[in-house]
Number of protein chains: 2
Amino acid sequence: MRVGTKQTKHGGRPRKFDEATALGAMQRQIWTTGLSGVSLDGIARSAGLNRPSLAAAFGDKDAIYAKAAAQYAAMMDARVSEALSLDDLGSALRAAFDAAIDIYTGGGPDGCFVICTAPAEALTNPICRSILDQSLESIDAAFLSRLQLDERRVSANPDELPLVAALLGATLHSVALRARAGWSRERLRSLAAGAIRQVIGET
Amino acid sequence: MRVGTKQTKHGGRPRKFDEATALGAMQRQIWTTGLSGVSLDGIARSAGLNRPSLAAAFGDKDAIYAKAAAQYAAMMDARVSEALSLDDLGSALRAAFDAAIDIYTGGGPDGCFVICTAPAEALTNPICRSILDQSLESIDAAFLSRLQLDERRVSANPDELPLVAALLGATLHSVALRARAGWSRERLRSLAAGAIRQVIGET
DNA sequence: AGCTTTTTATGCGAGTTGGCACAAAACAAA
DNA sequence: TTTGTTTTGTGCCAACTCGCATAAAAAGCT
């Protein structure tokens, strides 16, 4: 009844790979090809380990996807939350979009890991569907909690804050898709800035 | 040098399937599983024909995807364009979103065929990437051309109409993703209505 | 009826995919 | 040194994937 990551008894042969590093390599692979677009062989190769080791350490394809998505979500959440912690609402929102756009167009594969890979599998894979649903929900929640700190600055009734948050979330979804289609940082930033202008005043 | 759809000479054994019907069945299958999520065997089964017939009539996997996407885009464009032709801008936009939401949550698989299946393949499949890019572009263009008919009604500078169109497009993208995650018609309609309210006045 | 054309339907073969078994290796504890 | 534990690496097997070859069927034309 072991899960495969920590040791219960004493010795054992040491691993030749770092778990987070290997997961990062697999995440990048799945991010590029989608989950159905790569085989376990391909995932194992991209992480530099063989299939039995892969299975023992991370489980089957679904478990690998779940772990890669969790690592991605944690990274994303950390960066966006830090950006949103800026004092000025406009600055905070701009910084949040900038952080996301950097990830969507930076060193890694274009677009958002979840938004670009989970939808294709969502109808046939409950795990992917659940990850998609939770990710969309958490994006809305992050924007909403930040907006609630500055109700006055929002050009809408207070009871419409959830709607405004969802529209900011929608903009982020769209940015992720457009990045996947090849849009440049500049065009994406311009779109995000426009959305923010619509939400708060021209301040 | 035949393409496989019309006859050049005389006779020939007649087809046992209707091309548009078969394409519709394959479209539905790919819509549900994604392109990499189904094999040529699976596509052929879903359309009720065998692989050699499939290949002769529609070509390889990429060609099948392109044709299924084209049929989907034509259907979508027809319905949305009709909705957007309503006189009142607000009614036109609401009708357009209603039409899309009906497709995204109606009889077929949840979500948008293109937005939910093309992104996963876009980085490894130029055809999918091109289809994604063109689809996003044409959504923006449809909203923009409609907005330009009622510049006065839009609560933004005329030179910002492309931005507003892109934000309506972003809302549609988000609606497609949220539908894939299981959102109900009502929640989606409410989100769309909120976006429209932000764009034009409360009229 | 005979010929041509086009589609249908079956099946083969090389390569891929994923689960699993097994022996060897590397380490800790006794 | 011996024992126990965990990982590594190779390899097997059944199923799937896909292109292709081939024969039969179903039509039109002469």
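A note on names: the letters A, B, ... follow the listed sequences, proteins ahead of strands, and every chain is numbered from 1. Fair warning: this is a prediction, and the values are worked out from it, not measured in the lab.
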| request: State whether A:Arg178 and A:Asp110 are salt-bridged, where the test is any N-O pair (Lys NZ or Arg NE/NH1/NH2 against Asp/Glu carboxylate O) under 4.0 Å. | output: no
| said: Tell me whether the side-chain N/O atoms of A:Arg15 come closer than 4.0 Å to OP1 or OP2 in D:dT7. | reply: yes
| query | Within the structure, does a side-chain N or O atom of B:Lys16 lie under 4.0 Å from either OP1 or OP2 of C:dA9? | reply | yes
| message | Without decimals, in angstroms, what is the distance between B:Leu54 CG and C:dT8 P? | response | 11 Å
| remark: On DNA chain D, more 5' by nearest nucleotide between B:Asp60 and B:Pro14 is B:Asp60
| Which class fits the ring pair A:Trp31 and A:Phe113: parallel under 30°, tilted 30 to 60°, perpendicular over 60°? | perpendicular
| field | Out of C:dT10, C:dA21, C:dG18, whichever nucleotide has its closest atom nearest the side chain of A:Pro52 | value | C:dA21
| remark: Looking only at D:dT8, C:dT8, D:dC18, the nucleotide nearest the B:Asn50 side chain is C:dT8
| query | Looking at B:Asp98 and B:Arg79, does any basic side-chain N land under 4.0 Å from a carboxylate oxygen? | reply | no
| Are the side chain of B:Gln27 and the backbone N or O of B:Ala69 linked by a donor-acceptor pair below 3.5 Å? | no
| Between B:Ser53 and C:dT8, does any side-chain N or O lie under 4.0 Å from OP1 or OP2? | yes
| message | Please report the distance, rounded to the nearest Å, between CG in A:Asp62 and C1' in C:dG18. | response | 13 Å
| message | How many whole angstroms separate atom CG of B:Leu49 from atom P of C:dA9? | response | 9 Å
| Whole-Å distance between C:dT6 P and B:Arg13 CZ? | 14 Å
| field | A:Ser130-A:Gln134 side chain donor-acceptor pair, cut-off 3.5 Å | value | yes
| query | Roughly, in whole Å, what's the span from CD1 in B:Ile64 to C1' in D:dT17? | reply | 14 Å
| Just checking, is any N or O donor in the side chain of A:Arg28 or A:Thr32 under 3.5 Å from an acceptor N or O on the other one? | no
| request: Would you kindly give the CD1-to-P distance between A:Ile43 and C:dG19, to the nearest whole Å? | output: 11 Å
| remark: To the nearest angstrom, the CZ-P distance between A:Phe58 and D:dT7 comes to 11 Å
| request: Among D:dC12, C:dA25, D:dG19, find the nucleotide with the atom closest to the side chain of B:Arg51. | output: D:dG19
| field | Backbone of A:Val38 reached by a side-chain donor or acceptor of A:Lys61 within 3.5 Å | value | yes
| task | Identify, residue by residue, the members of residues 33-42 of chain A with a heavy atom below 4.0 Å from DNA chain C, and return them in order of residue number, or none. | result | A:Ser39, A:Leu40
